[in-house]
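The next block holds one structure in the form of structure tokens; read it before the comments.
All values derive from a computational prediction rather than experimental measurement. Here is how names work: the chains are called A, B, and so on, in the same order as the sequence lines, proteins then strands, and each is numbered from 1.
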Number of protein chains: 2
Amino acid sequence: MPLLLLKDLPRYECLLESAKEFPDLDPSAAEAYLHLLRAGDDAFGISQRNLDAHGISQGRFCVLMLLWRSVHLPATASPGVKPCGGGPRTPAELAEGANVTRATMTGLIDTLERDSFVKREPDPVDRRMMSVRLTAKAERFLQDFLPGHFRTTAQIMTTLSESERKTLVRLLTKISTQAAEMVGGPAPVAAEPCLNAL
Amino acid sequence: MPLLLLKDLPRYECLLESAKEFPDLDPSAAEAYLHLLRAGDDAFGISQRNLDAHGISQGRFCVLMLLWRSVHLPATASPGVKPCGGGPRTPAELAEGANVTRATMTGLIDTLERDSFVKREPDPVDRRMMSVRLTAKAERFLQDFLPGHFRTTAQIMTTLSESERKTLVRLLTKISTQAAEMVGGPAPVAAEPCLNAL
DNA sequence: GGCAGACAGTTAGGAGGCTAACGATGATTG
DNA sequence: CAATCATCGTTAGCCTCCTAACTGTCTGCC
């Protein structure tokens, strides 16, 4: 469980109470924000539990899925359809896809290779690069593991109707888009000295 | 950024494609699940950026907020209104509130105390316990930091109308409730030997 | 009183992220 | 061709989280 998070979210009245002291506090925004993090962490925790039971970490699973995608959803899908796969092969591409640094990816591939889930091979053309490949063992593992994983994630969303899911995705996409704009924007005012100047 | 996560979510058609191979894959559920984790991580990342700029980690901030709540939202709020505060004081209570282990809380308090944000005091009654208190420096820091923090979280939700926020909270609460039920339920089938038996 | 068990806080060691720097290789450009 | 710069994968060291085990203190039952 990666997120260090409040266990019990403050009730709405408490947010209103705090808003008296901090005019910048928008109660409905804060409520939405906290529920988003809480629900995300809850959902993540459920699938984490599933992964743990199979002795595989979220990071390793992510790498396996990226490699699996590059095998099972090849770039040349049906004609006239944009390709779904053609996924990453090199450590740098995998790091990009998994949203981690290359250094972290080196560590992940190290342990995956130690456990015989992947194999490194030098690129015959560009000698700076490596090529990472799933082993047969990993293929068997995924064939075995994925159905249960999909059932678990489906069960989390069981309580939502199809139209509710559509609505949720729409709202979440709005949030992600807004977040991306804020990241692209100016960095937050660094009150760097505040920590030590007090 | 705690979540190791796919950078680009698979498009819906790709989920449909994969569902052919895995009948257990519910495309709309998977889509909602992935967007939830992505949006949660995005929102978390934004506020993380804010915290980083002030040299404070998410974990430390969480502890400070719990302690702040116990000071500024006392258990005896307005008459007839359920108390908002009366927050935790001891390391064990803080660990419970922040959803981490007591060992982790020890480490957090260690560094907070090193930076003069909190002070440990032995409990005069029960000599097993400690009492953790915010220092004046921490109070000043929060007074300084929180307005910007609240503006940031409010900005993330800027794109959502009041009714959209209400809807979002309602759907997310459903998900959290469902997740809590799944956690309480039976543990996932542990295919323990699968890793080494292959 | 005395002892088993529960509980608070800490310590030790491991896993998985990160940044910063490195050597090796390839690309670009005079 | 040679110098410079970019890129790839790796290493080293740090931080924060975790689990497991330990010490000291309280509680309950004889």
Side-chain angles (χ1 to χ4, degrees), chain A residues 1-7 41 44-45 48-49 51-53 55-64 88-115 118-133 195, chain B residues 1-7 41 44-45 48-49 51-53 55-64 88-115 118-133 195:
Chain A
M1 229 78 87
L3 239 55
L4 183 63
L5 204 57
L6 265 55
K7 187 170 203 172
D41 195 46
F44 180 74
Q48 177 91 310
R49 214 170 61 122
L51 290 164
D52 286 347
I56 194 113
S57 78
Q58 173 75 14
R60 289 211 254 278
F61 178 64
C62 190
V63 176
L64 292 181
R89 298 303 203 111
T90 72
E93 287 168 350
L94 289 167
E96 168 76 11
N99 224 4
V100 295
T101 61
R102 292 197 314 265
T104 298
M105 189 50 63
T106 295
L108 285 170
I109 295 174
D110 278 349
T111 65
L112 281 171
E113 190 165 35
R114 184 198 60 199
D115 295 342
V118 304
K119 205 162 172 308
R120 279 186 176 93
E121 286 163 354
D123 186 303
V125 182
D126 188 334
R127 280 188 298 175
R128 288 173 303 181
M129 297 207 239
M130 304 290 288
S131 191
V132 183
R133 220 167 35 73
L195 245 178
Chain B
M1 229 74 90
L3 237 57
L4 183 65
L5 204 58
L6 265 56
K7 187 169 203 171
D41 194 47
F44 180 74
Q48 177 90 312
R49 214 169 62 123
L51 289 164
D52 286 348
I56 194 113
S57 78
Q58 172 75 13
R60 288 212 254 278
F61 178 64
C62 189
V63 176
L64 292 181
R89 296 304 202 112
T90 72
E93 287 168 349
L94 288 168
E96 168 76 10
N99 224 3
V100 295
T101 61
R102 292 198 314 265
T104 298
M105 190 50 63
T106 294
L108 286 170
I109 296 174
D110 279 349
T111 64
L112 282 170
E113 191 165 35
R114 185 199 57 199
D115 295 342
V118 304
K119 205 161 171 309
R120 278 187 177 94
E121 285 164 354
D123 186 301
V125 181
D126 189 333
R127 281 188 297 178
R128 287 173 304 182
M129 297 207 240
M130 303 291 286
S131 192
V132 184
R133 220 167 35 72
L195 246 177

Establish, from distance only, whether the side-chain atoms of A/Arg120 and A/Ser131 form a donor-acceptor pair under 3.5 Å.
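No, no side-chain donor-acceptor contact under 3.5 Å.
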Quick one: [X] [atom1] to [N] [atom2], roughly how many Å, whole number?
X: A/Met129; N: C/dG26; atom1: CE; atom2: C1'; result: 9 Å
X: B/Ile109; N: C/dG9; atom1: CD1; atom2: C1'; result: 9 Å
X: A/Gln48; N: C/dG17; atom1: CD; atom2: C1'; result: 13 Å
X: B/Met130; N: C/dT10; atom1: CE; atom2: C1'; result: 11 Å
X: B/Asp115; N: D/dC15; atom1: CG; atom2: C1'; result: 13 Å
X: A/Asp52; N: D/dC17; atom1: CG; atom2: P; result: 18 Å
X: B/Asp41; N: C/dG17; atom1: CG; atom2: P; result: 12 Å
X: A/Gln58; N: D/dC17; atom1: CD; atom2: C1'; result: 16 Å

(Q) What's B/Asp123 touching, base or sugar-phosphate or nothing? Going by heavy atoms closer than 4.0 Å. (A)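 Here B/Asp123 touches no strand at all.
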Looking across every strand, which nucleic acid part, if any, lies under 4.0 Å from B/Arg127 by heavy atom: base, sugar-phosphate, or nothing?
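Sugar-phosphate, no base atom in range.
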**Upstream residue (5' side of DNA chain D) when A/Gly107 and A/Arg128 are each assigned their closest nucleotide** =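 It is A/Arg128 whose nearest nucleotide is closer to the 5' end.
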In terms of side-chain heavy atoms of [X], which of [options] is nearest?
X: B/Arg60; options: C/dG9, C/dA20, D/dT16; value: D/dT16
X: B/Ala92; options: D/dG9, C/dT19, C/dG9; value: C/dG9
X: B/Asp126; options: D/dA12, D/dA20, D/dC26; value: D/dC26
X: A/Thr101; options: D/dC17, C/dG16, C/dC18; value: C/dC18
X: A/Ser57; options: C/dG9, C/dA12, C/dG16; value: C/dG16
X: B/Arg102; options: C/dA8, D/dG9, C/dT19; value: C/dA8

Ignoring backbone atoms, test whether [X] places a side-chain nitrogen or oxygen under 4.0 Å from the OP1 or OP2 oxygen of [N].
X: B/Thr106; N: C/dG9; answer: no
X: B/Arg120; N: C/dT10; answer: yes
X: B/Thr104; N: D/dC17; answer: no

Are side-chain heavy atoms of B/Asp123 and B/Thr90 found at a separation under 4.5 Å?
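In short, these two side chains do not touch, never coming nearer than 4.5 Å.
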Review point. So do B/Leu108 and B/Leu94 actually touch side chain to side chain, heavy atoms under 4.5 Å?
Key: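 B/Leu94 does not reach B/Leu108 side chain to side chain.
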So, B/Glu113 and B/Lys119, do they make that salt bridge, N to O below 4.0 Å?
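No.
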Is A/Gln48 reaching over with its side chain to a backbone N or O of A/Phe44, donor-acceptor style, under 3.5 angstrom?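 A pair under 3.5 Å: no.
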